[in-house]
Amino acid sequence: MIIEGDVIVADCAETAIEKFRQINLNAIEDYIQHDPIVGFTTFIMEMYHSLRRRLGMKS
């Protein structure tokens, strides 16, 4: 087995998984904030979903 990245230390598996998810979410948010194309695309998609919800359409 090859371990890549930092080791996650936690009391239980659920805590380790939550820490792993948070690390990945932070990395994704950083990427979105620093890449204008990804940020703009995300904005358009969220506006589309918001409009569909307001009009009562199912996704």
Side-chain angles (χ1 to χ4, degrees):
M1 176 163 82
I2 299 173
I3 298 175
E4 294 183 19
D6 294 333
V7 176
I8 297 174
V9 179
D11 295 333
C12 63
E14 291 81 14
T15 304
I17 291 169
E18 186 58 36
K19 286 183 179 183
F20 176 79
R21 286 184 180 149
Q22 191 60 45
I23 290 168
N24 284 326
L25 285 176
N26 290 341
I28 291 169
E29 288 173 356
D30 287 345
Y31 178 74
I32 289 171
Q33 290 175 357
H34 293 96
D35 188 339
I37 293 172
V38 174
F40 181 72
T41 303
T42 302
F43 170 74
I44 295 298
M45 289 174 52
E46 290 300 321
M47 291 300 294
Y48 172 75
H49 290 298
S50 175
L51 182 61
R52 286 183 61 96
R53 279 191 301 271
R54 289 179 187 218
L55 296 175
M57 299 177 169
K58 294 184 179 182
S59 295

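- In plain terms, the two heavy atoms of Val9 and Lys19 that are nearest each other are O-NZ, 2.7 Å.
- Within a 6.0 Å radius of CG in Asp11, other residues, nucleotides and ligands contribute 12 heavy atoms or fewer.
- Using a 4.5 Å cut-off on side-chain heavy atoms (C-beta onward), Glu18 and Glu14 make no contact.
- Residues Val38 and Ile28 fall within the same hydrophobic cluster, defined by Ile, Leu, Val, Met, Phe, Trp and Tyr side chains chained together at heavy-atom separations under 4.5 Å.
- Checking each of Ile44, Thr42, Ile37 against Phe40 for a side-chain contact (heavy atoms from CB on, under 4.5 Å) leaves exactly one that passes, namely Ile44.
- Met45 and Tyr48 fall into different hydrophobic clusters, where Ile, Leu, Val, Met, Phe, Trp and Tyr side chains are chained together by heavy-atom contacts under 4.5 Å.
- In this structure, CG on Leu25 lies 11.0 Å from CG on Asp30, to the nearest 0.5 angstrom.
- Listed here is the closest heavy atom pair of Ala10 and Ala16: CB-N, 3.5 Å.
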